[in-house]
Visitor: 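Below you'll find the structure I mean.
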Amino acid sequence: MTEYVKIPNIFKRETFGKNKLIEGEYSSPELEYLKDADWEFTEKIDGTNIRICWDGYRVSFMGRTDRAQIPGHLLSRLEELFGGESKEELFEQTFGNKEVILFGEGYGKKIQKGGELYGSVDFILFDVWIGMWLQRDAVEDIARKFGIRYVPVVGCGSLKG
């Protein structure tokens with residue numbers, strides 16, 4: 001199944017000293033080209049990348065890569081949220097036999113530094129792949145159908161500020 005792309009920093013970093021960002025020096029020509037476009041900025045969740053995969057018949061759980069290990073307590077929470085016959089039926093009713101990946105973040109106690117920030121372990125949705133990337137409103141609709149949280153938008157604007 002598809003892995004989520006690593007999102008680059010907007011700006012280049014110093015190669016010496018404190019490794020700070022160099023505002024105004026874009027990390028790629030694409031970002032510089034898109035600097036004036038309207039962007040949505042979402043909250044950064046400090047956790048571990050999780051894929052909820054529906055192959056058209058069954059649900060499976062994966063980390064950011066196919067080799068990633070999911071902590072046991074997070075895997076139990078994912079089973080609560082997406083496992084069982086009723087959730088399988090919901091996947092089937094929502095997506096049919098199309099392959100779908102729900103991309104999100106597993107966060108909370110004993111995951112990165114999230115326990116201090118978020119408390120108990122959970123999952124939050126940030127993107128959906130269904131042969132194409134879904135628009136924000138469709139991602140939010142899927143989150144509501146599954147009774148899960150989605151990453152909130154914290155701002156809108158250009159990369160120039």
Side-chain angles (χ1 to χ4, degrees), residues 1-11 13 27-31 33-34 37-156 159:
M1 289 250 162
T2 302
E3 294 179 6
Y4 203 73
V5 295
K6 186 120 174 105
I7 299 172
N9 275 320
I10 296 169
F11 300 116
R13 289 189 175 274
S27 63
S28 73
E30 295 85 1
L31 288 171
Y33 177 79
L34 294 170
D38 287 331
W39 290 70
E40 284 185 345
F41 303 98
T42 59
E43 182 179 343
K44 166 69 171 109
I45 307 296
D46 191 12
T48 186
N49 191 274
I50 296 292
R51 294 178 285 168
I52 311 301
C53 304
W54 170 249
D55 67 4
Y57 304 98
R58 67 180 187 87
V59 177
S60 60
F61 310 117
M62 303 177 88
R64 190 180 75 75
T65 67
D66 293 342
R67 297 180 316 238
Q69 296 288 316
I70 300 173
H73 66 301
L74 175 55
L75 192 55
S76 294
R77 179 65 177 142
L78 296 175
E79 285 288 347
E80 289 174 24
L81 292 170
F82 302 104
E85 198 172 309
S86 65
K87 292 298 175 145
E88 193 172 280
E89 287 175 8
L90 182 56
F91 271 97
E92 191 172 356
Q93 291 166 359
T94 305
F95 304 115
N97 62 359
K98 293 180 185 173
E99 287 189 7
V100 175
I101 306 172
L102 307 181
F103 289 95
E105 199 79 1
Y107 64 92
K109 191 172 185 172
K110 297 183 182 177
I111 300 174
Q112 302 289 4
K113 295 177 184 167
E116 300 164 13
L117 298 171
Y118 309 116
S120 62
V121 69
D122 211 348
F123 173 85
I124 191 166
L125 185 67
F126 58 75
D127 224 335
V128 177
W129 173 257
I130 185 166
M132 63 181 197
W133 297 107
L134 295 186
Q135 295 289 320
R136 173 80 187 181
D137 59 341
V139 171
E140 292 176 5
D141 184 50
I142 289 167
R144 284 189 288 275
K145 281 182 183 177
F146 283 86
I148 58 174
R149 295 181 58 224
Y150 51 88
V151 177
V153 173
V154 296
C156 296
L159 296 180

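For clarity, every value in this text was computed on a predicted model and none was experimentally measured.
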Visitor: Run the side-chain contact (heavy atoms from CB on, under 4.5 Å) test on Ile52 and Phe146 for me, step by step, so that the C-alpha distance in whole Å, both residues' side-chain angles and the decisive distance to 0.1 Å come before the verdict.
Guide: CA-CA 12 Å; Ile52 311 301; Phe146 283 86; over 6 Å; no
Visitor: Does the side chain of Pro71 reach to within under 4.5 Å of the side chain of Lys110, using non-hydrogen atoms?
Guide: no
Visitor: Under the ring-ring contact (aromatic ring centres under 6.0 Å, His included) criterion, do Trp133 and Tyr4 qualify, and how do the steps go?
Guide: CA-CA 11 Å; Trp133 297 107; Tyr4 203 73; 5.5 Å; yes
Visitor: Look at the aromatic rings of Phe82 and Phe61 and report parallel, tilted or perpendicular, splitting at 30° and 60°.
Guide: tilted
Visitor: If you measure from CG on Asn97 to CH2 on Trp54, what distance do you get to the nearest 0.5 Å?
Guide: 9.0 Å
Visitor: What closest approach, in Å, do Ala68 and Gly63 show between heavy atoms, and which atom pair accounts for it?
Guide: CB-CA, 3.8 Å
Visitor: Applying salt bridge (Lys or Arg N to Asp or Glu O under 4.0 Å) as the test, list every pair that has at least one member in residues 78-98; sequence neighbours left out.
Guide: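 Only Arg77-Glu80 qualify under salt bridge (Lys or Arg N to Asp or Glu O under 4.0 Å).
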Visitor: In a check of side chain to side chain contact (heavy atoms under 4.5 Å, CB included) between Leu102 and each of Val59, Leu125, Val139, which one passes?
Guide: Leu125
Visitor: How far does OH of Tyr150 sit from CG of Asp141, to the nearest 0.5 angstrom?
Guide: 10.0 Å
Visitor: Does the pair Glu105 and Ile111 meet the rule for a side-chain contact (heavy atoms from CB on, under 4.5 Å), with working shown?
Guide: CA-CA 10 Å; Glu105 199 79 1; Ile111 300 174; over 6 Å; no
Visitor: Does some side-chain heavy atom of Asp122 sit less than 4.5 Å from a side-chain heavy atom of Tyr107?
Guide: yes
Visitor: Nearest 0.5 Å, please: how far is NE2 in His73 from NZ in Lys109?
Guide: 8.5 Å
Visitor: Please report the closest heavy-atom contact between Asp66 and Arg51, naming both atoms and the distance.
Guide: OD1-NH2, 2.8 Å
Visitor: With sequence neighbours excluded, tell me which residues meet side-chain contact (heavy atoms from CB on, under 4.5 Å) with Phe41.
Guide: Trp39, Val154, Leu159
Visitor: Give a yes or no answer on whether the side chain of Asn9 reaches the backbone of Phe11 with a donor-acceptor pair at less than 3.5 Å.
Guide: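 Such a contact is absent between Asn9 side chain and Phe11 backbone.
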Visitor: Roughly how far, to the nearest 0.5 Å, is SG of Cys53 from CZ of Phe103?
Guide: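 Phe103 CZ to Cys53 SG: 7.0 Å, rounded to 0.5 Å.
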Visitor: Evaluate the criterion side-chain contact (heavy atoms from CB on, under 4.5 Å) for residue pair Ile45 and Arg149; output intermediate values, then yes/no.
Guide: CA-CA 12 Å; Ile45 307 296; Arg149 295 181 58 224; 5.7 Å; no
Visitor: Specify the closest pair of heavy atoms between Ile50 and Gly106, including all atoms of both residues, with the distance to one decimal.
Guide: CG1-N, 3.7 Å
Visitor: Please tell me if the side chains of Glu43 and Ile124 come closer than 4.5 Å, counting only heavy atoms from C-beta onward.
Guide: no
Visitor: Just wondering, do Glu140 and Leu134 contact through their side chains at under 4.5 Å, heavy atoms?
Guide: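 The answer is no; the side chains never approach within 4.5 Å.
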